[in-house]
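Structure record follows, encoded as structure tokens.
Atom set for the values below is all heavy atoms of this structure, side chains included, hydrogens, waters and symmetry mates excluded. These numbers were taken from a predicted model, which means no experiment stands behind them. Note on naming: letters A, B, ... go to the chains in the order of the sequence lines (proteins, then strands), and numbering restarts at 1 for each one.
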Number of protein chains: 2
Amino acid sequence: MTRLCTDNSIEMCRDEIVAGYRQWRERTGNNPHCPVRDVLDRMGDKWTTLIVITLAERPHRFSEIHRAVPDISRRMLTQTLRHLERDGMVLRQVFPTMPPSVEYRLTHLGESLLRPLAELIAWADGNHERIMAARVAYDAGSG
Amino acid sequence: MTRLCTDNSIEMCRDEIVAGYRQWRERTGNNPHCPVRDVLDRMGDKWTTLIVITLAERPHRFSEIHRAVPDISRRMLTQTLRHLERDGMVLRQVFPTMPPSVEYRLTHLGESLLRPLAELIAWADGNHERIMAARVAYDAGSG
DNA sequence: CTCCAATAGTCTAAAATGGATACTAGGTTT
DNA sequence: AAACCTAGTATCCATTTTAGACTATTGGAG
């Protein structure tokens with residue numbers, strides 16, 4: 001599937017998504033292991049986006065990332081970075097100094113994610129107030 | 001923040017993301033409660049995207065969604081739909097028939113998400129092979 | 001010389017989250 | 001009368017995430 005959705009009308013986007021999803025279901029017989037889900041699951045795991053955004057600015061060392069994203073545990077930071085490295089999004093470079101120094105940077109593949117990510121962030125930012133208003137209305141109605 | 005990233009060069013996207021993130025950190029003093037994260041956390045919760053895609057095609061009843069997304073539990077389906085409803089992305093309409101019938105459909109806000117979502121899906125689809133290759137290489141090296 | 005800090009993690013136990021299964025209500029089918 | 005349909009709840013158990021202590025190594029403070 002190539003990017004058809006360049007004129008950005010919602011109808012085009014819907015058709016693209018629906019057609020792509022239907023095609024895939026027909027190819028694979030409703031197999032739960034969808035390649036898109038496989039990728040998007042990672043996007044959504046709470047820390048990945050934040051780390052990618054942090055590394056978008058410049059390469060960071062382990063502790064630098066930890067300072068930039070203060071509420072992540074070191075364990076999850078390690079895990080998320082390993083996932084990103086495994087997926088070819090992040091390059092891990094060890095400098096054999098003492099104390100040890102490890103630098104993480106986005107690969108070209110990782111940088112290519114910034115484009116769709118910027119769209120999504122812009123959407124989230126642009127619709128945040130609407131969403132908050134909807135939440136208030138919902139909680140008032142059924143709270 | 002408005003969408004500056006219309007020419008879609010990676011440099012523009014990076015600058016947009018980095019500038020937006022830095023601005024927000026300066027405004028809020030590194031508060032962990034980021035509005036963008038607040039929205040993106042939902043996107044990533046494994047079922048939301050799939051349900052939005054399903055509803056993109058047409059309104060669905062509860063059991064129809066369950067058939068379209070077979071490996072979700074009814075509990076998680078209910079929960080995810082409630083979240084989407086609360087955020088103003090989905091409209092829930094009850095028909096007082098017997099047995100009961102409940103229809104879920106995307107709101108205008110929900111449909112507006114399809115545009116950035118299509119971008120992300122296109123990226124995932126277009127880079128899936130690269131990611132799989134990176135995983136194989138990684139597992140071969142450190143397995 | 002000893003103590004402390006910093007690095008990049010790992011390990012373990014507790015807390016939060018998610019999933020499987022059984023259950024609800026009311027009417028329809030067998 | 002028994003089983004089944006709908007759209008969910010309730011409950012318990014498994015997985016995931018977190019918090020916090022712990023590792024090795026070396027430079028600097030006292």
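Relative to the side chain of A:Pro99, the nucleotides C:dT7, D:dA7, D:dT6 differ in distance, and C:dT7 lies closest. The listed nucleotides are C:dG18, D:dT26, D:dA7; the one nearest the side chain of B:Gln79 is C:dG18. When distances run from any side-chain atom of B:Arg82 to the nucleotides D:dG8, D:dT17, C:dG27, the shortest one goes to D:dG8. Distances from the side chain of B:Val102 to the nucleotides D:dT25, C:dG9, D:dA7 place D:dA7 closest.
In this structure, B:Asp71 places its CG atom 14 Å from P of C:dT21, rounding to the nearest Å. When the P atom of D:dG20 is taken as reference, atom CD1 of A:Ile72 falls 16 Å away, rounded to whole Å. The CD1-C1' distance, from B:Ile65 to D:dT6, rounds to 14 Å in whole Å. As a whole-Å value, the separation of B:Arg74 CZ from D:dA10 P is 14 Å. Rounded to an integer number of Å, the gap from A:Arg61 CZ to C:dT7 P is 6 Å. Between the P atom of C:dT7 and the NE2 atom of A:His60 lies a distance of 14 Å, rounded to the nearest Å. Atom NE2 in A:His83 sits roughly 12 Å away from atom C1' in D:dT17 (whole-Å rounding). In this structure, B:Lys46 places its NZ atom 10 Å from C1' of D:dT15, rounding to the nearest Å.
Toward the 5' end of DNA chain D, the nearer of the two residues B:Glu103 and A:Pro100, judged by each one's closest nucleotide, is B:Glu103. Along DNA chain C, the nucleotide closest to B:Ser73 and the one closest to A:Thr78 are compared, and the more 5′ of them pairs with A:Thr78.
A salt bridge does not link A:Glu11 with B:Arg115: none of the charged nitrogens is closer than 4.0 Å to a carboxylate oxygen. Ion pair A:Asp41/B:Lys46 not flagged as a salt bridge, since none of the NZ, NE, NH1 or NH2 atoms sits closer than 4.0 Å to an Asp/Glu carboxylate oxygen. A:Glu111 and B:Arg14 are joined by a salt bridge, as a carboxylate oxygen and a charged side-chain nitrogen come within less than 4.0 angstrom of each other. A salt bridge links A:Arg37 with B:Asp71; the closest basic N to acidic carboxylate O contact falls under 4.0 Å.
The residue B:Phe95 sits apart from the nucleic acid: no heavy atom pair falls under 4.0 Å. A:Arg75 comes within 4.0 angstrom of a base, heavy atoms only.
Proximity of B:Trp47 to the phosphate of C:dG19: a side-chain N or O atom is located under 4.0 Å from OP1 or OP2.
A:Arg74 meets the side-chain hydrogen bond (donor to acceptor under 3.5 Å, both in side chains) test with no other residue; sequence neighbours excluded.
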